Amino acid sequence: MRILIVGAGALGGYFGGRLKEAGRDVTFLVRPRRAEQLAKTGLVIKSPNGDVNIPAPQTILAEKLKAPFDLVLLSCKAYDLQSAMDSFVPAVGVNTAILPLLNGMKHMDVLAARFGAGAVLGRVLHLNDLHFLSFGEQNGVKSARTAAVAEAFAGAKFESQLSTAILQEMWEKWAFIAAAAGICCLMRGTFGDIVAAGGGHYASDMFAECCAIAGKSGFPLRETARGRSIGMLTAAGSPIAASMLRDIERGAPIEADHIVGDLLARGGDRPSDYPLLQIAFAHLRTYEARRKREQASAPGR
């Protein structure tokens, strides 16, 4: 199986590196500067699950792509999705499977519109464990191509699971991620900080709004998923915070529309049904507006 990893950042580099370590046919689609860096330093993974150093991993530039790959592992931020899709068009053939490493669901619609719904697999990186990847066909069928992907992943130093309910898993993960991003960014703290301040009920209430939208969309959360998420969101002393908060703290772009805005849009025309999510989304958009204004007024622009 020929595997194309779009991007060699944290997620793409990790899973691509693990697959390369296991002897799989892996190529990284990168920009020229990143290609030069990888040629000099190699791909280095530092992990509690084992370090690896891959000297000069195989890379390719977008303009050099000519033939389809069997699997495209898409590693990018939601705000870079359009340019990422443009870059790997020649790699997608009639039998190519696209496995996006993004949260939420909006990217599934965008990818389906560009490449066809049948080309796109669903996936979940399990809560608090980026070493465990679930994937599967959106219709839940165990197909020949997902079996081939499972075989390619087997033996690599990460856990993987072929799921027959991947959309359900994706919605459960999305409800948690949206609540986590919303409450951590709004309160500017970790789950433990919020609980210590007496705000744990706001986290659980925001999660309840996310669950209501999931249920309205046909994917009510299972009790195990609901309990696990509430347990994390309201854990006293927890040092965990949403990655979106870390992005805000370093002044980086965020996936506000993709994670929170798109969820709200699927909730219907009555914003009063989801007051906490509405406040959180307005807060995130305010940050984006301020960041854009400050960038526009920066010296040299």
Side-chain angles (χ1 to χ4, degrees), residues 1-47 50-93 96 98-103 107 110-111 114-115 123 125 130 133 156-158 243-259 287-288 291-301:
M1 170 174 280
R2 298 180 66 237
I3 303 171
L4 181 69
I5 310 294
V6 181
L11 287 179
Y14 182 79
F15 287 106
R18 290 300 189 195
L19 290 167
K20 185 67 178 177
E21 179 189 25
R24 307 298 183 259
D25 184 355
V26 174
T27 302
F28 293 90
L29 175 61
V30 292
R31 295 186 176 92
R33 183 175 179 181
R34 182 61 168 149
E36 292 177 6
Q37 181 185 38
L38 289 172
K40 292 179 180 178
T41 65
L43 179 64
V44 179
I45 296 173
K46 298 291 185 182
S47 168
D51 299 343
V52 62
N53 188 341
I54 301 172
Q58 184 172 338
T59 61
I60 191 169
L61 304 180
E63 58 268 25
K64 299 293 185 181
L65 279 177
K66 303 297 181 186
F69 282 71
D70 299 302
L71 175 65
V72 174
L73 202 64
L74 175 57
S75 169
C76 70
K77 289 290 190 179
Y79 43 76
D80 290 329
L81 181 57
Q82 188 61 54
S83 60
M85 290 192 302
D86 292 342
S87 72
F88 68 79
V89 168
V92 180
T96 301
I98 302 172
L99 185 59
L101 300 180
L102 290 85
N103 287 310
H107 63 279
V110 174
L111 288 165
R114 183 71 176 270
F115 300 106
R123 72 92 200 144
L125 290 174
L130 298 183
L133 173 70
K157 290 183 180 178
F158 61 86
S243 60
M244 194 179 293
L245 174 60
R246 295 194 294 272
D247 291 336
I248 287 177
E249 290 174 337
R250 61 188 179 91
I254 59 174
E255 298 175 303
D257 183 65
H258 190 80
I259 300 299
Y287 164 77
E288 290 179 319
R291 182 176 180 275
K292 183 177 181 180
R293 173 174 54 80
E294 291 177 346
Q295 282 191 319
S297 61
R301 294 188 65 87

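This structure is a prediction, so every number in the text was calculated from the model and none was measured. Hydrogens, waters and symmetry mates are skipped; everything else that's a heavy atom, side chains included, is used.
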Under 4.5 Å between any side-chain heavy atoms of Gln295 and Arg291, yes or no?
yes
Heavy atoms of Ile98 and Phe88 approach each other most closely as CD1-CE1, 4.1 Å
Does Glu249 form a salt bridge (Lys or Arg N to Asp or Glu O under 4.0 Å) with Arg246? I'd like the steps, not just the answer.
CA-CA 5 Å; Glu249 290 174 337; Arg246 295 194 294 272; over 6 Å; no
Contacts table for residues 54-72: side-chain donor-acceptor under 3.5 angstrom, sequence neighbours left out:
from, atom 1, to, atom 2, distance (Å)
Gln58, NE2, Thr27, OG1, 3.3
Asp70, OD2, Arg2, N, 2.7

In terms of ring plane angle, is the pair His107 and His258 parallel, tilted or perpendicular, where the classes change at 30° and 60°?
tilted
Decide side chain to side chain contact (heavy atoms under 4.5 Å, CB included) for Leu81 and Met85; before the verdict, give the C-alpha distance in whole Å, the side-chain angles of both, and the deciding distance to 0.1 Å.
CA-CA 6 Å; Leu81 181 57; Met85 290 192 302; 4.0 Å; yes
Can you tell me how far the CZ atom of Arg24 sits from the CE atom of Met1, to the nearest 0.5 Å?
10.5 Å
Separation between NZ (Lys77) and CG (Leu101), nearest 0.5 Å, reads 11.5 Å
What distance separates Leu43 CG from Lys20 NZ, expressed to the nearest 0.5 Å?
10.5 Å
Have a look at Tyr14 and tell me which of Ile45, Ile5, Leu19, Val52 forms a side-chain contact (heavy atoms from CB on, under 4.5 Å) with it.
Ile45
Euclidean distance, Ser87 OG relative to Gln82 CD, rounded to 0.5 Å:
10.5 Å
Chi angles and distances behind the side chain to side chain contact (heavy atoms under 4.5 Å, CB included) call for Arg114, Val89
CA-CA 9 Å; Arg114 183 71 176 270; Val89 168; 3.3 Å; yes
Where do Ala156 and Ala22 come nearest, in terms of heavy atoms and distance?
CA-CB, 3.8 Å
Between Asp80 and Ser83, which heavy-atom pair has the shortest distance, and what is it?
O-OG, 3.0 Å
Is Arg34 reaching over with its side chain to a backbone N or O of Leu29, donor-acceptor style, under 3.5 angstrom?
no
Rounded distance [0.5 Å steps], CG in Leu102 versus CG in Leu111:
7.5 Å
Tell me, with the steps shown, if Arg123 and Asn103 meet side chain to side chain contact (heavy atoms under 4.5 Å, CB included).
CA-CA 9 Å; Arg123 72 92 200 144; Asn103 287 310; 3.7 Å; yes
State, to 0.1 Å, how close Val26 and Gly16 come at their nearest heavy-atom pair, and which atoms those are.
CG1-O, 4.0 Å
Return the CZ to OG distance between Phe158 and Ser47, rounded to the nearest 0.5 Å.
12.0 Å
Quick one: do Tyr79 and Ile254 satisfy side chain to side chain contact (heavy atoms under 4.5 Å, CB included)? Show the steps, please.
CA-CA 8 Å; Tyr79 43 76; Ile254 59 174; 5.7 Å; no
